[in-house]
Amino acid sequence: MKPSLAKGTRDFSAIEVQKRQYIMNVLREEFELRGYDPIETPSFENLETLTGKYGEEGDRLIFKILRSGDFTSKIDEGAWANKDAKTLGAKVADKALRYDLTVPFARYVVQHQNEIAFPFKRYQMQPVWRADRPQKGRFREFYQCDADVVGSDSLWQEVELIHLYDAAFTRLGLGATIKVNNRKILAGMAEVLGISDDFVAFTVAIDKLDKVGASGVLDEMTKQGLNSTAIATFGQWLEAGLTLEALSALLQDSEEGKIGLEEMNFVLTNAVEGLQDSRLVFDFTLARGLNYYTGTIFEVAADGVAMGSVGGGGRYADLTSIFGLKNTSGVGISFGLDRIYLCLEELDLFPEAVAGKASILFANFGEAEAASAYGWVQKLVANGVRAELYPDAAKLKKQFDFADKKQVPYMAMVGTNEMAADAIPVKNLATGAQESKTLEEIIALVRG
RNA sequence: GUGAUUGUAGCUCAGCUGGUUAGAGCGCCGGAUUGUGGUUCCGGAGGUCGCGGGUUCGAACCCCGUCUUUCACCCCA
């Protein structure tokens, strides 16, 4: 059988894992500095925990897990004959791989509500799965690194999360534009236009502004069947420019819209203080597809790279109520590890040091010599120096080739003459220089 | 889900208009060279031409289906 990977998945080799760990270490430090604690949840959940949380499109992209028993007996003939995928799906599968980290987190909070102290701040770095078609920067298995707070309505949380984004991307050296909006502003616009019932279609159209332009957005709205006078009015708004100032006049008659603007102003004025390298911009076209967002929403684009968003998030006032915990508002952000990786790679921003540390390989000259060499290896390892013995008494050429390929910088030669010696020949493989060294000298040399 | 695109040795790729036994470079294994590598030279192994069907005297090449790759749309990190 020919080995191959499942669609949209990847293997990670040593250097890639090291680079990924570098990113995760930065994120972990920034999370923990601000009081977020780590949790983990299972890779799969009950199907009903996940369905209906991500919108229609999202439901389609959930990876379902086939029931392990005799699922065929649970299907009645009528449903099978109708080929109704939705009903059949629930019969055939009752578990699913997690689609994001937010919904499992909401489930976690409700289930552990008596053990945790609110406001509860957690971070989580785990893979998620989506049954999407792969393309640039899009995989079917990828990592999200999330920070969320639940149990506080305070807008200071939003401010902190913006600073968290800024601090992380600044440290990674990745120029980032943090776009923010507020769902209540969008809702207010729909309300004033009298198209609240078509809110989703409205946001989908608006979201395309930078891609298709103003006329494209209006065409899209027409295609979605929105009220034509509303579309015309919105066209005038677009022409005049939808700044925060303009919106405060336009949304006078919407209570929700006014609240949204208030919130947005608070977040913006407080978040610009102490911002490092990232740009923070209000973007009224930012909508986000996940339908559990209710207030502030975030999205981060990396500067200088053509890549989808490298992060996103927002406030969800009521996500836990689906699981039975009311009046508990949460807000959180997500870092897209895989896309951040691609950006850092493309812009050549990984530091040299992520590659493996220095180490030393002991050549194997035979049974007795190997035993002596292994004694050296043990002493070095005990002193925190990466050392290993070549396991077989192979030809030296082969042992050197191995060291080269593994990029081991030093090789030690414990031959018959050195078996009892206090100092042994150590060769620098890059320069070819060879010198006799004691244990202390080797420790100093390899540690650099 | 829609529309394109890709698949030949471990890797990167040639392979003419359909015509004998499908090639190269790199890598791998062995030797020149039994305790000092990277160079060089010599030899060797390695291929169901993604898979299934069809057309043809004959298919890596043409047709259909399918899987896979990459890209765009939708949506998203």
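Computed from a predicted model, the values in this text were never measured in an experiment. Chain letters run A, B, ... following the sequence lines, proteins first and then strands; every chain starts at 1.
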Starting the side chain at C-beta, find the nucleotide from B/C74, B/G37, B/U69 nearest to A/R138.
B/C74
Step through the shown structure and confirm whether more than 12 heavy atoms of other residues, nucleotides or ligands are within 6.0 Å of CZ on A/F199.
yes
With a 3.5 Å cut-off and just heavy-atom distances, do the side chain of A/K427 and the base of B/U36 make a donor-acceptor pair?
yes
Determine which nucleotide pairs with B/U39, using a 3.5 Å limit on both distances of a Watson-Crick or G-U wobble pair.
none
Looking at residues 362-372 of chain A, who's got a heavy atom less than 4.0 Å off RNA chain B?
A/F365
At 4.0 Å (heavy atoms only), tell me whether A/R60 reaches a base, stays on the sugar-phosphate, or touches nothing.
base
Pairwise side-chain contact, A/F323 with A/V109, heavy-atom cut-off 4.5 Å (strictly under):
no
Quick check, does A/F335 stack with B/A77? I mean ring centres under 5.5 Å and planes off by under 30°.
no
When the aromatic ring centroids of A/F63 and A/F44 are compared, is their separation below 6.0 Å?
no
From A/R288, A/E158, A/R315, residue fulfilling side-chain contact (heavy atoms from CB on, under 4.5 Å) relative to A/F298:
A/E158
Specify the residues of residues 30-48 of chain A, ordered by number, for which at least one heavy atom lies under 4.0 angstrom from an atom of RNA chain B.
none
Is the base of B/C76 touched by the side chain of A/R130 through a donor-acceptor pair closer than 3.5 angstrom?
no
Can you list the residues that meet the salt bridge (charged side-chain N to carboxylate O under 4.0 Å, His left out) rule with A/K208, with sequence neighbours excluded?
A/E220
Indicate whether any N or O donor in one side chain lies under 3.5 Å from an N or O acceptor in the other, for A/Q124 and A/T41.
yes
Can you pull out the residues from residues 209-218 of chain A that lie within a 4.0 Å heavy-atom distance of RNA chain B?
A/K211
Please determine, for the side chain of A/L429, which listed nucleotide (B/A72, B/G37, B/C75) has the closest atom?
B/G37
What's the closest nucleotide to the side chain of A/Q135 if the choices are B/G35, B/A77, B/C73?
B/C73
Is the closest side-chain donor-acceptor distance between A/Y123 and A/E32 under 3.5 Å?
yes
Between P on B/C75 and CG on A/L286, what's the gap in Å once rounded to a whole number?
14 Å
Pair partner, B/C28 [Watson-Crick or wobble, under 3.5 Å]
B/G44
How many Å lie between CG on A/D392 and P on B/C29, as a whole number?
13 Å
Contact list for RNA chain B against residues 402-414 of chain A - heavy-atom distance below 4.0 Å:
A/D404, A/K405, A/M413
Touch check for A/G58, heavy atoms < 4.0 angstrom, all strands: base, sugar-phosphate only, or nothing?
nothing
Could you list the residues that satisfy side-chain contact (heavy atoms from CB on, under 4.5 Å) with A/P127, not counting sequence neighbours?
A/R98, A/W129, A/E141, A/Y143
For atom C1', what is the distance between B/U2 and B/G10, given to the nearest Å?
36 Å
Looking across every strand, which nucleic acid part, if any, lies under 4.0 Å from A/Q434 by heavy atom: base, sugar-phosphate, or nothing?
base
NA contact type, A/G8, heavy-atom cut-off 4.0 Å: base, sugar-phosphate, or nothing?
sugar-phosphate
Just checking A/V128: base, sugar-phosphate only, or nothing, at a heavy-atom cut-off of under 4.0 Å?
nothing
Once you measure the plane-to-plane angle for A/Y292 and A/Y316, does it fall in the parallel (<30°), tilted (30-60°) or perpendicular (>60°) bin?
perpendicular
To the nearest angstrom, how far is A/K179 atom NZ from B/C76 atom P?
12 Å
If you look at every strand shown and take non-hydrogen atoms under 4.0 Å, does A/Q144 touch a base, only sugar-phosphate, or nothing?
sugar-phosphate
Would you mind reading off the distance between A/F63 atom CZ and B/C75 atom C1', rounded to a whole angstrom?
15 Å
Of A/E435, A/E441, A/E440, which meets salt bridge (charged side-chain N to carboxylate O under 4.0 Å, His left out) against A/K437?
A/E435
Whole-Å gap separating P (B/G38) and CG (A/N428):
16 Å
Rounded to whole Å, CZ of A/R133 lies from C1' of B/C73 at a distance of 10 Å
Working for side chain to side chain contact (heavy atoms under 4.5 Å, CB included), residues A/L361 and A/Y410:
CA-CA 6 Å; A/L361 175 73; A/Y410 300 103; over 6 Å; no
Among the nucleotides B/G37, B/A72, B/C75, whichever has the atom closest to the side chain of A/K136 is B/A72
Classify the ring geometry between A/F234 and A/F202 as parallel (under 30°), tilted (30 to 60°) or perpendicular (over 60°).
perpendicular
Would you please confirm or rule out a distance under 4.0 Å between OP1 or OP2 of B/G31 and any side-chain N or O of A/K395?
yes
